[in-house]
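Step one of this worksheet: look at the structure below.
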Amino acid sequence: ILMNMKRITIIGLGLIGGSLGLALKKAKGAAVEITGCARREEVGKQALKRKAIDRAEPQIEKAVSGADIVMIATPITTIKDIFREMADHLAPNTIVTDVGSTKSQVMQWAEEYLPQTINFIGGHPMTGKETAGIDEAEAGLFKGSAYCLIPSPHSNADALKSMEELVGWIGARAVSIEAQPHDELVAGISHLPLIISSTLVAALAESGRWPDMSKLAASGYRDVTRLASGDAEIQMGICATNRQPIVDWIDRFIKRLEESRNLIRQSDDDQLRAFFEQAREAREKWLKNEGARFLK
């Protein structure tokens with residue numbers, strides 16, 4: 001199906017957008033023609049230099065004109081306006097997708113602002129890095145990752161098959177899911193870790209002991225706080241479009257944290273040992289199955 005879809009437009013040429021371009025060009029080369037759209041001219045030039053795109057077009061209406069697939073790889077806070085701007089310039093049956101970390105709000109915007117003649121399929125690649133920008137993009141970023149696909153009510157089966165094929169091209173595995181369960185699940189597995197990471201950094205940094213503590217901080221602190229180095233605009237957009245599920249998981253985490261605090265306070269070493277053992281076993285089980293790709 002997708003073999004006839006040669007013209008792909010990527011709006012947003014940062015880490016994800018740039019990596020999409022690199023992965024697609026590596027997989028299909030000249031079989032796909034990729035137009036890149038970025039607000040800043042220098043970003044488009046760098047994407048061309050890295051051969052992530054075939055041409056740069058800063059104006060959205062021109063970038064999407066004639067495209068078979070439009071992929072929006074910008075912060076969630078910008079997606080609504082992009083929908084508005086592109087709506088009148090999309091050909092019938094065009095596939096439009098995004099890479100946002102939350103989906104319910106994006107699906108609602110698509111229903112409200114995009115024409116019913118196109119196929120909108122929400123997307124979320126479960127991968128990334130704490131660093132951002134076209135210079136951080138890499139063709140192998142999606143390899144082995146889950147790539148969530150959420151069809152809209154107006155999208156057809158062929159469009160979904162086309163997106164599943166594209167996901168396979170970049171080395172990921174397609175996972176069809178509905179918007180609400182997606183947001184509830186990623187709130188725990190992705191967004192809660194972000195909050196924990198940033199909160200830990202803030203708690204330690206504001207303490208009067210951080211100047212001395214920072215000299216002793218090593219790989220444990222680095223690994224747990226990696227997500228705090230992410231883009232603040234993206235992080236804000238995630239929380240703003242998935243508030244209640246994130247709050248629910250924070251409440252659950254606070255309850256468990258209080259239980260852990262009580263175990264330490266009570267000096268019950270047997271229960272404390274069991275707590276750490278259960279956590280270790282749960283993580284090892286995940287690593288042996290779904291998380292195996294992180295061991296490669």
Side-chain angles (χ1 to χ4, degrees), residues 10-12 14-17 20 60 69-87 90 94-128 142 145-157 159-164 166-167 172-198 227 230-254 290:
I10 301 174
I11 301 175
L15 171 67
I16 300 296
L20 281 170
I60 288 179
I69 300 177
V70 176
M71 309 186 77
I72 303 171
T74 63
I76 297 171
T77 49
T78 68
I79 291 177
K80 179 171 69 172
D81 289 338
I82 291 173
F83 283 168
R84 285 171 168 168
E85 195 168 345
M86 69 162 58
L90 297 167
T94 301
I95 296 174
V96 178
T97 187
D98 74 305
V99 299
S101 298
T102 64
K103 295 272 68 82
S104 294
Q105 181 66 77
V106 173
M107 302 303 290
Q108 183 177 324
W109 287 334
E111 183 72 15
E112 186 172 353
Y113 297 109
L114 294 180
Q116 294 185 11
T117 54
I118 64 98
N119 296 285
F120 182 75
I121 298 176
H124 181 201
M126 300 301 296
T127 188
F142 308 98
S145 299
Y147 197 118
C148 298
L149 295 175
I150 300 91
S152 68
H154 309 295
S155 60
N156 59 48
L160 179 59
K161 290 179 181 178
S162 294
M163 278 303 302
E164 289 172 344
L166 184 149
V167 167
R173 53 184 174 87
V175 178
S176 292
I177 189 172
E178 294 182 358
Q180 183 176 343
H182 166 276
D183 288 358
E184 293 170 351
L185 294 174
V186 298
I189 207 66
S190 181
H191 306 159
L192 177 62
L194 164 63
I195 301 302
I196 294 170
S197 177
S198 299
L227 296 175
D231 184 284
E233 180 70 19
I234 293 174
Q235 294 167 340
M236 181 278 291
I238 288 171
C239 293
T241 55
N242 203 25
R243 296 182 193 277
Q244 193 56 52
I246 295 175
V247 168
D248 290 343
W249 281 109
I250 290 175
D251 288 343
R252 187 182 183 94
F253 180 77
I254 289 174
E290 289 84 358

Would you say the side-chain atoms of Lys103 pair up with the backbone N or O of Gly123, donor to acceptor, closer than 3.5 Å? yes

Got a second to check how far Leu90's CG is from Ile95's CD1, nearest 0.5 Å? 12.0 Å

Minimum heavy-atom distance His182-Ser101, with the two atoms named: CE1-O, 3.3 Å

Quick one: pull up CZ in Phe253 and CG in Asp251 and give me the separation to the nearest 0.5 Å. 12.0 Å

To the nearest 0.5 Å, what is the distance between CG (Leu20) and CD1 (Ile10)? 5.0 Å

How far apart are the C-alpha atoms of His191 and Thr102, what are their side-chain angles, what is the distance that settles it, and do they pass the side-chain contact (heavy atoms from CB on, under 4.5 Å) test? CA-CA 10 Å; His191 306 159; Thr102 64; 3.6 Å; yes

Please report the interatomic distance OG(Ser176) to CG(Leu160), rounded to the nearest 0.5 Å. 5.0 Å

As a quick check of understanding, evaluate side-chain contact (heavy atoms from CB on, under 4.5 Å) for Phe120 and Met107, giving each step before the final call. CA-CA 8 Å; Phe120 182 75; Met107 302 303 290; 3.5 Å; yes

In the structure I gave you, are the side-chain heavy atoms of Leu166 and Thr97 within less than 4.5 Å of one another anywhere? no

State whether the number of non-hydrogen atoms from other residues, nucleotides or ligands found under 6.0 Å of Arg252 atom CZ is greater than 12. no

So, Gln235 side chain and Leu227 main chain: donor-acceptor pair closer than 3.5 Å or not? yes

Can you check side-chain contact (heavy atoms from CB on, under 4.5 Å) on Val96 and Met86, steps first, answer last? CA-CA 10 Å; Val96 178; Met86 69 162 58; 4.3 Å; yes

Is any side-chain heavy atom of Ile246 less than 4.5 Å from a side-chain heavy atom of Cys239? yes

With under 30° as parallel and over 60° as perpendicular, where do the rings of Tyr147 and Phe142 fit, or are they tilted in between? tilted

Interatomic distance, CG@Leu192 vs CG@Asp248, rounded to 0.5 Å, equals 11.0 Å

Side chains of Arg173 and Val167: closer than 4.5 Å at any heavy-atom pair? no

Specify the closest pair of heavy atoms between Ser145 and Thr127, including all atoms of both residues, with the distance to one decimal. OG-CB, 3.4 Å

Asp183 and Gln105, any side-chain heavy atoms less than 4.5 Å apart: no

Are any non-hydrogen side-chain atoms of Pro151 and Met163 less than 4.5 angstrom apart? no

Which atom pair, heavy atoms only, marks the closest approach of Arg243 to Ala240? NE-O, 3.5 Å

Exercise: identify the closest heavy-atom pair between Leu149 and Ala174: CD1-CB, 3.9 Å

On a heavy-atom basis, which atom in Pro125 and which in Val99 lie closest, and how many Å separate them? CD-CB, 3.7 Å

Under 3.5 Å donor-acceptor, Trp249 side chain and Leu185 backbone: no

Which distance, rounded to the nearest 0.5 Å, do you find between the NZ of Lys161 and the CD1 of Ile121? 12.0 Å

Does any part of the side chain of Ile150, heavy atoms only, come nearer than 4.5 Å to the side chain of Ile177, both counted from C-beta? yes

With no hydrogens and no angle check, is any side-chain donor or acceptor of Ser197 less than 3.5 Å from a backbone partner on Pro193? no

Give the C-alpha distance, both sets of side-chain angles, the deciding distance and a yes or no for side-chain contact (heavy atoms from CB on, under 4.5 Å) between Val70 and Ile11. CA-CA 7 Å; Val70 176; Ile11 301 175; 3.9 Å; yes

